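If you're wondering where the values come from, they're calculated on a predicted model, not measured in any experiment.
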Amino acid sequence: MRRKLILDVDTGTDDAVAIMLAALHPDLELIGVTTVDGNVQVQYCTDNTLRTLDFIGRGDIPVYEGLHRPLTRPDFPIPRAIKKSTGVHGLELPLPAPTSKKQNKHAVEYLIETYRAATEEIVLVPTGPLSNIAAAIALDPKFVERVPEVVLMGGAHHHGNVTPSAEFNIWADPDASASVFAAGFRKLVCVPLDATHEALVSLANVAAMEALNTPAGTAAARFIDRRIRAYDANQPMAERGAAPVHDALCVAYLVDPTVITTDFRHVAVETIGALTMGRTVVDTNFRGENPPNCHFAFHADRQKFVDMMLKTFARTA
Amino acid sequence: MTPVLLDCDPGHDDAVAMIYAAHHLNLCAITTVYGNQTLDHTTRNALSLCRLAGLNIPVAAGASAPLVAPPITGGAVHGKTGLDGAELPEPDRAPLDMHAVELILRTAREHKGELILAATGALTNVALALQVEPKLKEWLRGITIMGGSTGIGNVTEVAEFNIYCDPEAAEIVLRAGLPTWLVGLDVTRRVGVNKADIDSLRGGGKLARTLADLLDFFLASLKRVQGIDTASLHDPCALVPFIDPTMIDYRHTSVRIELAPGLTRGMTVAELRRLGNVPLGHMRPSAPANVHLAREPSPRLVPHILAAIREFDAAMK
């Protein structure tokens, strides 16, 4: 049986790759996509999501637009206006404008209604700021118990990206993130930078995707090529000519859990630090008083991840 | 020989640092601070160790509490006296009738431009000395500290004991603009002795056997309190840059202390990202590099420290 999932995204080049992996992998059934303010403003996230789905022939998957700003803060900890493009995403993805339209329902309503009505397990996969998820938790007291598993991309233990100690998704809406980690989900899997920076995709991999000569191969090659150039210029990885494709690693985990290696630890989110705002505080040394609540991925299997994408992007809808 | 003043809170690993320094460097004074136990205990321990090791050097007691933070002590790991586990000789003298800060300033004046201030406890005395005498910055060659951590905490989830004791003092010291070396828990945890290492000291004289007893107690304590299988020689690591710099790799980077009262108070926030040259708006580079931060210990370090103890002990006979 195919695993059902909902993606909550801020598309975004790596979200787009995650969407294609979820929409095309034969073991997965992507039942809906919700969007949230993050990499770009939410209307662009929605538009980019529609473009991506249309391009690979999966315009049938419904897209719901969500929060246009953090849940409680008026803006990111450093205002959006100062947030310059790092070139990793761009405003509009380099694909034709979409023909499908977003649904006339708010993302948070969709999430609550879908889980209330669900008769089968649906994994929730947030790969952007956690504003929609925190809103659903706040609105529906039963939401948390109805979600069988959350697999999110966010956080960092050894080094951040947006600040020395924080990763963008968690940092962008730290209060929402704190609420999601503290909510008590039955199973919470966190895929942080520690794992995604081990699952780098290289220019050679990009060439192989391009050579698939499929819509997904072409789009993935285009997005990841852009990521590699931006990473090389602004936040070089240990290896030049390679970049992380963070969000897609969450989707890969749903198909093959061995694509990451996790430790079961307590994780909370710092919401008042002057230097550490939005840091995932991982109790690696069991110093805190709280029991573990999160499977935190410290490592990833790069080859398995790349192979899965290549195999999946060879498919057409 | 490099003149060194050791500001410490003995403390089992401080005791090892004292002998390591006395063997390889010109250990010219010891100042004490609260921390692993109360100031009365740490001062008494310093004097007992001096008698045991035949060190006729000035000892002065310093701060008994942090600048701002509420006091804590590390009794759980170091025992009731701060140096449980061995029969130590009674001190044969009282500490000098002056504050640690005065002894730091006096010693720095005597060794202008040469003195290394090695701090292996809370940084209260060092911060006070820097505030009291602004010229101290010019008199010191540098400050080397055992404290902080990247990734792992031993008091809270992310904070290390020495820094957590007095985060405000630590921030004063790191911002002082002096050449500063910092070795944290993430490195010192990998510089640990096991039972066989400890037993290798038992063939020596009274000093070596006493240190073996102390380390046995420390090993058992750490196993019980923190579940680790080696006794970390945290404090001697601080001396390594002036004894044999090839034993620990240091990287020059920005390190600040989180002072806000959240989950991360007392955390050393180190810049470990690789950033390109493009100004990134929200992805701001940190403040300029202010610290040589330890990253990687050599496997030769533990044998090197043990050899120093054996040689010092043998030379006493």
| request: Identify which of B/Gln226, B/Arg265, B/Arg256 forms the greatest number of heavy-atom pairs closer than 4.5 Å to chain A. | output: B/Gln226

| What part of B/Ile257 gets closer than 4.5 Å to chain A, counting heavy atoms only: side chain, backbone, both or neither? | backbone

| query | chain B: which of A/Ile272, A/Thr276, A/Val269 shares the most heavy-atom pairs with it under 4.5 Å? | reply | A/Thr276

| Between the side chain of A/His157 and the main-chain N/O of B/Gly151, is any donor-acceptor distance below 3.5 Å? | yes

| task | Answer yes or no: is there a donor N or O on one side and an acceptor on the other, between the side chain of A/Asp283 and the main chain of B/Glu157, under 3.5 Å? | result | no

| said: Looking at A/Arg287 and B/Ile152, would you say the former's side chain and the latter's main chain have a donor-acceptor pair under 3.5 Å? | reply: no

| Residue pair A/His159 / B/Leu272: nearest heavy atoms and the distance that separates them | CB-CB, 4.2 Å

| query | Under the side-chain contact (heavy atoms from CB on, under 4.5 Å) criterion, do B/Met267 and A/Val281 qualify, and how do the steps go? | reply | CA-CA 11 Å; B/Met267 177 183 166; A/Val281 178; over 6 Å; no

| Taking all non-hydrogen atoms of both residues, which atom of A/Val162 and which atom of B/Arg273 are closest, and how far apart? | O-NH1, 3.3 Å

| What's the shortest heavy-atom distance between A/Ala274 and B/Ala260, and which atoms? | N-CB, 3.9 Å

| field | Residue B/Phe161 excluded, over 12 heavy atoms near CZ under 6.0 Å | value | yes

| So what's closer than 4.5 Å to chain A heavy atoms on B/Ala270: side chain, backbone, both or neither? | backbone

| side-chain contact (heavy atoms from CB on, under 4.5 Å), paired with A/Asn285, selected from B/Asn154, B/Thr156, B/Val155 | B/Asn154

| field | Evaluation steps, side-chain contact (heavy atoms from CB on, under 4.5 Å), between A/Arg279 and B/Val269 | value | CA-CA 11 Å; A/Arg279 177 183 178 84; B/Val269 180; over 6 Å; no

| query | Which atom pair, heavy atoms only, marks the closest approach of B/Glu271 to A/Pro164? | reply | OE2-CG, 3.7 Å

| message | Other residues, nucleotides and ligands only: do more than 12 of their heavy atoms fall within 6.0 Å of CD on A/Glu289? | response | no

| field | Whether B/Glu258 side chain and A/Leu275 backbone form a donor-acceptor pair below 3.5 Å | value | yes

| More than 12 heavy atoms of other groups within 6.0 Å of B/His252 NE2 | yes

